[in-house]
Amino acid sequence: MKLIIQIPCYNEAETLEIALNDLPKHIDGIDEIEYLIINDGSADNTVEVAKNWGVHYVVNFKQNKGLAKGFMAGLDACLRNGADIIVNTDADNQYCGADIEKLVRPILEQKADIVIGERPIDDTAHFSPLKKKLQHLGSWTVRVASKSDIPDAPSGFRAYSRETAMKLNVVNEYTYTLETIVQAGRTKMAMTSVPIRTNPELRKSRLFSSMFGYVKRSMVTIVRSFMMYKPLKFFGSIGILSFLLGLGIGVRFLVYYFMGQGGGHIQSLILASTFMMIGVFTYIIALQADIIAANRKILEDVQYHVRKLDYDRNKDNNDK
């Protein structure tokens with residue numbers, strides 16, 4: 001059983017060695033532990049620090065591509081190098097490395113395929129009261145969208161089984177944390193969470209420049225993911241609401257009409273017709289989107305089998 005711990009890095013020379021030193025060297029049930037960093041266009045000596053420490057693999061981007069692309073590139077490299085379990089953690093030593101054993105245990109015991117670390121958000125001193133509330137709100141929104149019970153959706157401290165990593169897709173360019181939970185929840189992947197510890201803050205988060213910007217981009221990611229995986233429900237609900245609103249206005253017009261006062265409410269008839277037409281057209285879009293989603297599921301299945309053939313061939317070559 002081989003574990004590869006991947007760390008996305010962007011100008012992390014000052015903190016990377018601290019994070020690497022905190023990682024486990026042995027876990028019961030794991031035969032081999034290796035380390036990988038994703039250098040996301042760093043301008044400092046992040047790569048030199050990693051190589052001097054002894055990381056096994058380095059994925060290099062010539063310019064910054066963002067957390068989502070870095071995460072997927074890391075998964076690809078881990079799978080190609082034979083990982084049976086992949087753990088993602090941060091280069092700023094936010095998470096306690098010893099808790100990686102907690103993350104991989106449900107996978108080793110075949111109880112889950114995705115395990116997400118639940119941070120003690122309310123007890124984290126460097127989180128402002130506003131950030132704590134927004135973290136809880138964001139996690140609740142993801143739980144509703146994904147039909148899961150993950151309490152800390154933005155947590156980047158997580159583990160994936162090999163099979164599940166081959167099925168993941170991230171299409172947004174912002175972050176993988178929210179989209180992968182919605183995908184996992186909506187496609188019935190076995191997912192759970194475990195409580196983990198955090199370390200004192202070494203630097204400010206670079207994922208967002210302002211709280212408002214973070215909330216806005218996170219909500220766009222959640223809505224987009226929900227549209228991808230449940231388009232009939234999303235667009236269909238909008239279409240039905242629009243149609244019912246138009247129907248209600250139409251009934252109001254008819255009441256006035258039979259009372260002999262219809263002449264002064266022609267605008268209501270126009271408005272009712274408009275809303276009902278929008279509702280019908282939107283529901284047609286919902287049906288078309290549902291067909292596209294069905295085709296996407298077929299493509300994802302084909303993609304999984306192609307990936308499996310490719311990655312397993314690489315794993316067999318590495319074993320030799």
Side-chain angles (χ1 to χ4, degrees), residues 4-25 33 35-61 64-75 77-78 86-103 115-128 130-132 134-135 138-139 152-160 174-178 180 194-211 213-214 217-218:
I4 297 183
I5 303 171
Q6 70 170 33
I7 308 177
C9 298
Y10 179 57
N11 295 331
E12 304 288 2
E14 294 184 3
T15 61
L16 180 57
E17 187 172 0
I18 298 173
L20 289 169
N21 288 334
D22 196 43
L23 298 179
K25 307 300 185 293
I33 301 178
Y35 311 93
L36 175 148
I37 70 159
I38 304 102
N39 174 37
D40 194 10
S42 298
D44 62 4
N45 61 333
T46 294
V47 174
E48 287 76 8
V49 171
K51 288 181 176 179
N52 290 337
W53 187 88
V55 299
H56 298 80
Y57 313 104
V58 176
V59 177
N60 265 311
F61 290 159
N64 183 261
K65 294 188 177 182
L67 188 57
K69 289 189 179 297
F71 170 77
M72 291 303 296
L75 288 190
C78 290
I86 301 167
V87 165
N88 188 90
T89 188
D90 284 357
D92 62 356
N93 200 40
Q94 175 185 174
Y95 308 108
C96 182
D99 287 340
I100 288 177
E101 183 170 3
K102 292 183 181 179
L103 288 181
V115 184
I116 298 173
E118 177 192 353
R119 296 168 295 177
I121 293 175
D122 291 329
D123 299 326
T124 303
H126 60 269
F127 281 6
S128 67
L130 176 60
K131 184 173 182 178
K132 291 176 182 179
L134 290 175
Q135 291 274 10
S139 295
D152 186 9
S155 171
F157 195 45
R158 45 182 73 186
Y160 300 90
Y174 179 49
T175 179
Y176 64 91
T177 56
L178 308 178
T180 50
V194 294
I196 52 99
R197 296 163 291 172
T198 56
N199 296 314
E201 185 180 41
L202 296 180
R203 62 161 176 77
K204 295 295 182 181
S205 173
R206 294 171 180 164
L207 185 58
F208 55 92
S209 56
S210 69
M211 192 64 67
Y214 172 73
R217 297 189 71 172
S218 296

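Here, residue 1 is the first one in the sequence, and each next residue gets the next number.
- Scanning for side-chain hydrogen bond (donor to acceptor under 3.5 Å, both in side chains) contacts around Asn52 gives an empty result, with sequence neighbours left out.
- Considering only heavy atoms from C-beta on, Ile7 stays 4.5 Å or farther from Leu36 through its side chain.
- Here the side chains of Cys9 and Asp40 are not in contact, with every heavy-atom distance at 4.5 Å or above.
- Scanning all heavy atoms of the two residues, the minimum distance from Val55 to Lys51 falls at CG2-N, 4.2 Å.
- Ile37 has its side chain out of reach of Gln6: every pair of non-hydrogen atoms, C-beta onward, lies at least 4.5 Å apart.
- Residues satisfying the side-chain contact (heavy atoms from CB on, under 4.5 Å) test with Asn45, not counting sequence neighbours, are Ala13, Glu48, Val49.
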task = Please test Tyr35 against Ile4 for side chain to side chain contact (heavy atoms under 4.5 Å, CB included), starting from the C-alpha separation and ending with a verdict.
result = CA-CA 5 Å; Tyr35 311 93; Ile4 297 183; over 6 Å; no
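- Inter-residue side-chain proximity for Phe157 and Leu103 is flagged as met; some heavy-atom pair is nearer than 4.5 Å.
- In this structure Asp99 satisfies the salt bridge (charged side-chain N to carboxylate O under 4.0 Å, His left out) test together with Lys102, Arg197, sequence neighbours excluded.
- Remark: Asp152 pairs with Arg119 by the side-chain hydrogen bond (donor to acceptor under 3.5 Å, both in side chains) rule, at least two apart or across chains.
- By the 4.5 Å heavy-atom criterion applied to side chains, Asp92 and Leu16 are not counted as neighbours.
- Residues forming a side-chain hydrogen bond (donor to acceptor under 3.5 Å, both in side chains) with Ser155 (at least two apart in sequence, or on another chain): none.
- Between Tyr10 and Asn64, the closest side-chain pair of non-hydrogen atoms falls below 4.5 Å.
- Inter-residue side-chain proximity for Thr198 and Pro120 is flagged as met; some heavy-atom pair is nearer than 4.5 Å.
- A donor-acceptor distance shorter than 3.5 angstrom exists from the side chain of Thr180 to the backbone of Thr177, with no hydrogens or angles considered.
- Annotation: side-chain contact (heavy atoms from CB on, under 4.5 Å) contacts of Glu101 (sequence neighbours excluded): Ile27, Arg105.
- Legend: residues meeting side-chain hydrogen bond (donor to acceptor under 3.5 Å, both in side chains) with Asp22, ordered by chain and number and at least two apart, are absent.
- Between the CD atom in Gln94 and the OG1 atom in Thr15 there is a gap of 11.5 Å [rounded to 0.5 Å].
- For Asn11 (side chain) and Ala43 (main-chain N/O), a donor-acceptor pair under 3.5 Å exists by modelled atom type.
- Ring planes of Tyr176 and Phe71: parallel class, angle under 30° (limits at 30 and 60°).
- Two residues are said to be in side-chain contact when any heavy atoms from C-beta on lie closer than 4.5 Å; Asn93 and Ile18 meet this criterion.
- Residues Asn39 and Ser42 approach most closely at OD1-OG, 2.7 Å, considering heavy atoms.
- Under the rule for a salt bridge (charged side-chain N to carboxylate O under 4.0 Å, His left out), Glu17 has no partner lying at least two apart in sequence or in another chain.
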request  = Would you please test Asn199 and Tyr95 for side chain to side chain contact (heavy atoms under 4.5 Å, CB included) and show each step?
outcome  = CA-CA 6 Å; Asn199 296 314; Tyr95 308 108; 5.8 Å; no
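- The ring pair (Phe, Tyr, Trp, His ring centres under 6.0 Å) search around Tyr57 returns none, not counting sequence neighbours.
- Residues Ala50 and Leu20 come closest through the heavy atom pair CA-CD1, 4.4 Å.
- Partners of Ala153 according to the side-chain contact (heavy atoms from CB on, under 4.5 Å) rule, which considers only residues two or more places apart in sequence or in another chain, are Ser139, Val142, Leu178, Ile181.
- The two residues Pro8 and Leu67 come nearest to each other via the heavy atoms CB-CD1, 3.9 Å.
- Side chains of Thr89 and Arg158: a donor-acceptor N/O pair is absent below 3.5 angstrom, by distance only.
- The two residues Ala91 and Ala19 make their nearest non-hydrogen contact at O-CB, 3.6 Å.
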